[in-house]
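Inspection log for the structure reproduced underneath, given as structure tokens.
Numbers restart at 1 for each chain; the letters A, B, ... are given by sequence-line order, proteins then strands.
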Protein chains: 2
Amino acid sequence: MALNLSPDSRVPIFEQIERYWIYRIAAGDPATGERIPSVRDMAQRILVHPNTIVHAYGELERAGIIVARRGIGMEVTADAPRICKEKRESLLGDRVRELFVEAEQAGMSRADLVRLVREIMNQMGAE
Amino acid sequence: MALNLSPDSRVPIFEQIERYWIYRIAAGDPATGERIPSVRDMAQRILVHPNTIVHAYGELERAGIIVARRGIGMEVTADAPRICKEKRESLLGDRVRELFVEAEQAGMSRADLVRLVREIMNQMGAE
DNA sequence: CTCCGTGTACCACAATTCTAGCACACTAGT
DNA sequence: ACTAGTGTGCTAGAATTGTGGTACACGGAG
């Protein structure tokens, strides 16, 4: 469950960090009232500039997931679990929809897509 | 089968154009020896700057899918159908893999993912 | 009070993507 | 020849994303 950053990915680093905490909080690990690592701590842990962390945390705050307490840290709100679960469904749903759209544009039938998915699932092992 | 550009998408416009022709050629519509629209024609048709088309066509040429003939146009090569079919599988495979990775990071089980996929498939209609 | 750790606010710079415009080289048709 | 249409090359700017650095404001521990 570690944060595995992909700097070459199309999704910006700040958004990868944002999603990481959304998924973590949706899973209940940092619960309401608890705090997530400070900007500088997080930056040092994943070797990213503090400003990038600030950007990610700012998005989480605007979404009502965390609240900034100066001199203290970023605290998980009461609504955070609900919001994060909703966002988790939304994010994964978007990915699935994108896959369907791409397959349709590629002229690939639904049956072929299912076959491709099974093939890749086998490649990636049981888990 | 029209080119539906998404300027706000994370995938750059030049790459959307590139994929469009890969999928088209993989389907066999512009066949070997035929030509794809000129840079200026394509730019005017989809309301994009010619330089963006040049970028997309340049990638297709580097991949050996088309060959530039000055004063004539961009011609589909003999190897293009094979290359485009390979790329089509590769592109869709990457999308599927990304979905699995995202679901795993979200702590979503494979069963839950399958359930989500079916749900969205129903939402998107039969087709 | 002082010190340290916290969030916040700037500024500057680089890389990528896209837009914008211009000039040049080549080919076909007239 | 001339013209129109093709690909090619160049410079420049805007917007986004990320890095790098500095300074300031707030709160708790000593």
Side-chain angles (χ1 to χ4, degrees), chain A residues 3-22 25 30 33-77 80 91 98, chain B residues 3-22 25 30 33-77 80 91 98:
Chain A
L3 206 184
N4 230 337
L5 284 183
S6 304
D8 296 339
S9 167
R10 285 231 168 68
V11 26
I13 293 177
F14 80 88
E15 200 164 328
Q16 293 184 46
I17 298 166
E18 187 185 349
R19 289 188 193 181
Y20 170 73
W21 287 113
I22 288 173
I25 294 171
E34 293 183 350
R35 291 195 289 271
I36 63 179
S38 76
V39 169
R40 293 170 179 80
D41 185 18
M42 194 71 186
Q44 195 173 12
R45 278 170 50 187
I46 61 180
L47 302 177
V48 156
H49 199 271
N51 283 359
T52 304
I53 310 291
V54 168
H55 192 171
Y57 283 8
E59 294 296 323
L60 290 173
E61 190 177 25
R62 288 201 311 114
I65 295 168
I66 58 177
V67 61
R69 311 197 57 175
R70 242 180 179 163
I72 307 288
M74 312 297 288
E75 196 173 295
V76 177
T77 68
L91 285 170
E98 286 169 12
Chain B
L3 207 184
N4 230 337
L5 284 182
S6 304
D8 296 338
S9 166
R10 283 228 169 70
V11 27
I13 293 178
F14 79 88
E15 201 165 328
Q16 294 184 46
I17 299 167
E18 188 185 349
R19 288 187 193 182
Y20 170 74
W21 287 112
I22 288 173
I25 294 172
E34 293 182 352
R35 293 195 288 272
I36 63 178
S38 76
V39 169
R40 293 170 179 80
D41 185 19
M42 194 71 187
Q44 194 173 12
R45 278 170 49 186
I46 62 180
L47 301 179
V48 155
H49 197 271
N51 284 0
T52 304
I53 311 292
V54 168
H55 192 172
Y57 282 9
E59 294 295 323
L60 291 172
E61 188 176 26
R62 289 200 312 113
I65 295 169
I66 58 177
V67 61
R69 311 197 59 175
R70 241 180 179 162
I72 309 289
M74 312 296 287
E75 195 173 294
V76 177
T77 68
L91 286 169
E98 286 168 12

Using the side chain to side chain contact (heavy atoms under 4.5 Å, CB included) criterion, which residues pair with B:R35? Sequence neighbours excluded. B:I72, B:E75
Give the C-alpha distance, both sets of side-chain angles, the deciding distance and a yes or no for side chain to side chain contact (heavy atoms under 4.5 Å, CB included) between A:M74 and A:V67. CA-CA 6 Å; A:M74 312 297 288; A:V67 61; over 6 Å; no
Applying side chain to side chain donor-acceptor pair (under 3.5 Å), which residue pairs with at least one partner in residues 53-62 of chain A are found, sequence neighbours left out? A:E59-A:R62
Which pairs, with at least one residue in residues 3-14 of chain B and sequence neighbours excluded, count as a salt bridge (Lys or Arg N to Asp or Glu O under 4.0 Å)? A:E15-B:R10
Hey, could you give me each pair passing salt bridge (Lys or Arg N to Asp or Glu O under 4.0 Å) that has a residue in residues 46-56 of chain A? Not counting sequence neighbours. none
Which distance, rounded to the nearest 0.5 Å, do you find between the CH2 of A:W21 and the CG of A:L3? 8.0 Å
With the sugar-phosphate defined as primed atoms, P, OP1 and OP2, and the base as all remaining atoms, what B/S/- string results for nucleotides 14-21 of chain C, 5' to 3', for protein heavy atoms under 4.0 Å? ---SSBBB
Residue list, side chain to side chain contact (heavy atoms under 4.5 Å, CB included) with A:A80, at least two apart or on another chain: A:I25, A:I65, A:V76, A:T77
For A:N4 and A:Q16, the nearest pair of non-hydrogen atoms, with its separation, is O-OE1, 4.1 Å
Please table the atom pairs, donor to acceptor, closer than 3.5 Å between any side-chain atom in residues 37-54 of chain B and protein atoms at least two apart or in another chain.
unit_1: B:S38; atom_1: OG; unit_2: B:D41; atom_2: N; d: 3.1
unit_1: B:H49; atom_1: ND1; unit_2: B:N51; atom_2: N; d: 3.1

Check DNA chain C against residues 59-67 of chain A and give the residues with a non-hydrogen atom under 4.0 Å, in numerical order. A:E61
Show me the protein contacts with nucleotides 2-6 of chain C, counting only N or O atoms at under 3.5 Å.
unit_1: C:dT6; atom_1: OP1; unit_2: A:S38; atom_2: OG; d: 3.4
unit_1: C:dT6; atom_1: O2; unit_2: A:G71; atom_2: N; d: 3.4

Give me the bend of the helix from C:dC1-D:dG30 to C:dT30-D:dA1, using the axes of the five pairs at each end, rounded to 10°. 0°
Counted 5' to 3', the first and last nucleotides of DNA chain D within 4.0 Å (strictly under) of a heavy-atom of chain A are D:dT17 to D:dG28
Measuring only between side-chain heavy atoms, which start at C-beta, is B:I22 closer than 4.5 Å to B:L60? yes
